[in-house]
Participant: 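This is the structure, below, for whatever I ask next.
Values reported hereafter were calculated over all heavy atoms of this structure, with side chains retained and with hydrogens, waters and symmetry mates removed.
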2 protein chains.
Amino acid sequence: MKKIFNMSNPKVERVLADLKRLGYRLTRPRRSVLQVLMEADDCLRPEEIHVRARRYCPTLGLVTVYRTLSLLSGMDHVRRVHREDGCHGYARTELAHGHHLICRDCHQVIEFPGLDDLSLLIDPIERETGFLVEDHLLELLGLCPACQG
Amino acid sequence: MKKIFNMSNPKVERVLADLKRLGYRLTRPRRSVLQVLMEADDCLRPEEIHVRARRYCPTLGLVTVYRTLSLLSGMDHVRRVHREDGCHGYARTELAHGHHLICRDCHQVIEFPGLDDLSLLIDPIERETGFLVEDHLLELLGLCPACQG
DNA sequence: GACATATTGAAAATCTTTTTCATTAAGTAT
DNA sequence: ATACTTAATGAAAAAGATTTTCAATATGTC
Ligand SMILES: [Mn+2]
Ligand SMILES: [Mn+2]
Ligand SMILES: [Zn+2]
Ligand SMILES: [Zn+2]
């Protein structure tokens with residue numbers, strides 16, 4: 001597995017291994033998008049990912065960013081994050097596994113763990129409504145400590 | 001306040017009064033959009049609202065649907081609902097005040113009340129992270145009773 | 001009914017995302 | 001290393017969603 005960027009991110013390596021395992025080719029464009037997503041601590045829109053990733057792959061097209069995001073979403077390595085402004089951002093699953101704090105100023109995403117027992121909330125609702133709950137999205141919107149000043 | 005549609009919906013009347021109070025004109029296009037939103041029990045996309053509302057106002061343009069939705073959102077009489085497919089729907093606030101069940105099949109929205117004490121969840125998070133939480137979005141995605149068959 | 005102007009609809013412009021298709025390059029076999 | 005197969009790519013076009021522009025219209029007021 002030849003290295004392409006001087007930087008070797010273990011998170012990137014893990015996803016690459018998974019892609020390989022599933023028979024996908026480990027291309028330079030895919031690596032570049034992956035690198036950007038895994039080194040970011042906030043959610044990025046496709047256009048922003050495109051700009052950043054061209055540092056690693058100057059020929060990268062925006063179309064491939066969309067395709068890679070779709071692929072990685074399907075494998076659940078990244079998640080789409082709903083943004084109030086109407087656009088959608090993407091963040092690595094580690095950052096966005098269903099419960100997050102989103103700063104309306106700097107768009108930083110903070111995942112809060114220790115909350116996978118939303119079943120306490122969900123179970124009674126399922127019983128009362130007859131709904132079958134398959135997934136959930138909990139977003140707390142506000143201001144991060146830095147942006148409150 | 002001259003009536004335009006034969007149907008007189010008290011929810012519609014209440015919003016109209018609010019619009020009037022703020023100095024907005026009570027136009028036929030606005031009434032038609034409002035009527036559709038207030039008689040619906042699910043979240044509707046702008047295009048769908050446009051189709052339905054033309055029953056009440058045949059000359060209605062899609063642009064005005066968007067403008068009215070923006071106006072009503074600002075006054076918090078309707079809320080934008082995030083949909084997994086990437087589109088956005090709108091539902092009256094009563095249906096979508098922050099916690100809802102959304103059927104991935106028929107897109108029905110069920111609001112579950114008696115849950116305004118999310119503070120139990122939010123307060124500790126604010127303390128731990130320093131985040132100032134201003135708003136929240138809790139969506140439970142799954143299948144409604146009818147669509148489970 | 002006349003008036004001032006907020007509101008409207010059509011068209012054009014923007015912005016986001018998807019589809020198409022000829023070209024390129026990753027993985028594999030020589 | 002070289003040749004081969006075909007998955008993957010990028011450019012352009014298409015499709016979709018939303019916003020802006022602007023002349024015409026309809027609302028609330030006098
Ligand atoms: Mn959304
Ligand atoms: Mn979870
Ligand atoms: Zn911030
Ligand atoms: Zn359903």
Participant: State plainly whether the residues R92(B) and D41(B) are in salt-bridge range, i.e. N to O under 4.0 Å.
Facilitator: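 So R92(B) pairs with D41(B) through a salt bridge.
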Participant: Using whole Å, report how far CG of L19(A) lies from P of dA26(C).
Facilitator: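 These atoms are roughly 15 Å apart.
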Participant: Round to a whole Å and report the spacing from CG of L69(B) to C1' of dT19(D).
Facilitator: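 Checked: the CG to C1' distance equals 14 Å.
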Participant: Atom pairs under 3.5 Å, N or O on each side, protein against nucleotides 10-16 of chain C: can you list them with distances?
Facilitator:
from, atom 1, to, atom 2, distance (Å)
dT16(C), OP1, R45(A), NH1, 2.9

Participant: Between dA7(D) atom C1' and L22(A) atom CG, what is the distance in whole Å?
Facilitator: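 Interatomic distance, CG of L22(A) to C1' of dA7(D): 15 Å.
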Participant: Heavy atoms only: give me the nearest R52(A)-A40(A) pair and the separation to one decimal.
Facilitator: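 Distance-wise, the nearest heavy atoms are NH1-CB, 4.4 Å.
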Participant: Between dT9(D), dG9(C), dT18(D), which nucleotide gets closest to the side-chain atoms of P46(B)?
Facilitator: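 Closest of the options to the side chain of P46(B): dT18(D).
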Participant: Between R45(A) and E47(A), does at least one N-O distance fall below 4.0 Å, as a salt bridge requires?
Facilitator: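 No.
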Participant: Search all heavy atoms of I122(B) against all heavy atoms of H136(B) and return the closest pair with its distance.
Facilitator: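 Looks like CD1-ND1, 4.2 Å.
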Participant: Nearest-Å distance, CZ (R30(B)) to C1' (dA26(D))?
Facilitator: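 From R30(B) CZ to dA26(D) C1': 12 Å.
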Participant: Is any side-chain heavy atom of L37(B) closer than 4.5 Å to one of H77(B)?
Facilitator: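 They are not in side-chain contact.
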Participant: How long is the span from the CG atom in L34(A) to the CG atom in L19(A), to the nearest 0.5 Å?
Facilitator: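 L34(A) CG to L19(A) CG: 7.0 Å, rounded to 0.5 Å.
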Participant: Determine the minimum heavy-atom distance between K20(A) and L26(A), stating which atoms define it.
Facilitator: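 Heavy atoms of K20(A) and L26(A) come nearest at N-CD2, 4.0 Å.
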Participant: Measure across Q148(B) and F131(A) and return the closest heavy-atom pair with its distance rounded to 0.1 Å.
Facilitator: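 Heavy atoms only, the tightest pair is NE2-C, 3.8 Å.
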Participant: Which sits closer to the 5' end of DNA chain D, P29(B) or Y90(B), going by the nucleotide each is nearest to?
Facilitator: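 Its nearest nucleotide being more 5', the pick is Y90(B).
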Participant: Write out a two-atom table: protein N or O, nucleotide N or O from nucleotides 27-30 of chain C, distance below 3.5 Å.
Facilitator:
from, atom 1, to, atom 2, distance (Å)
dG27(C), OP1, L26(A), N, 2.8

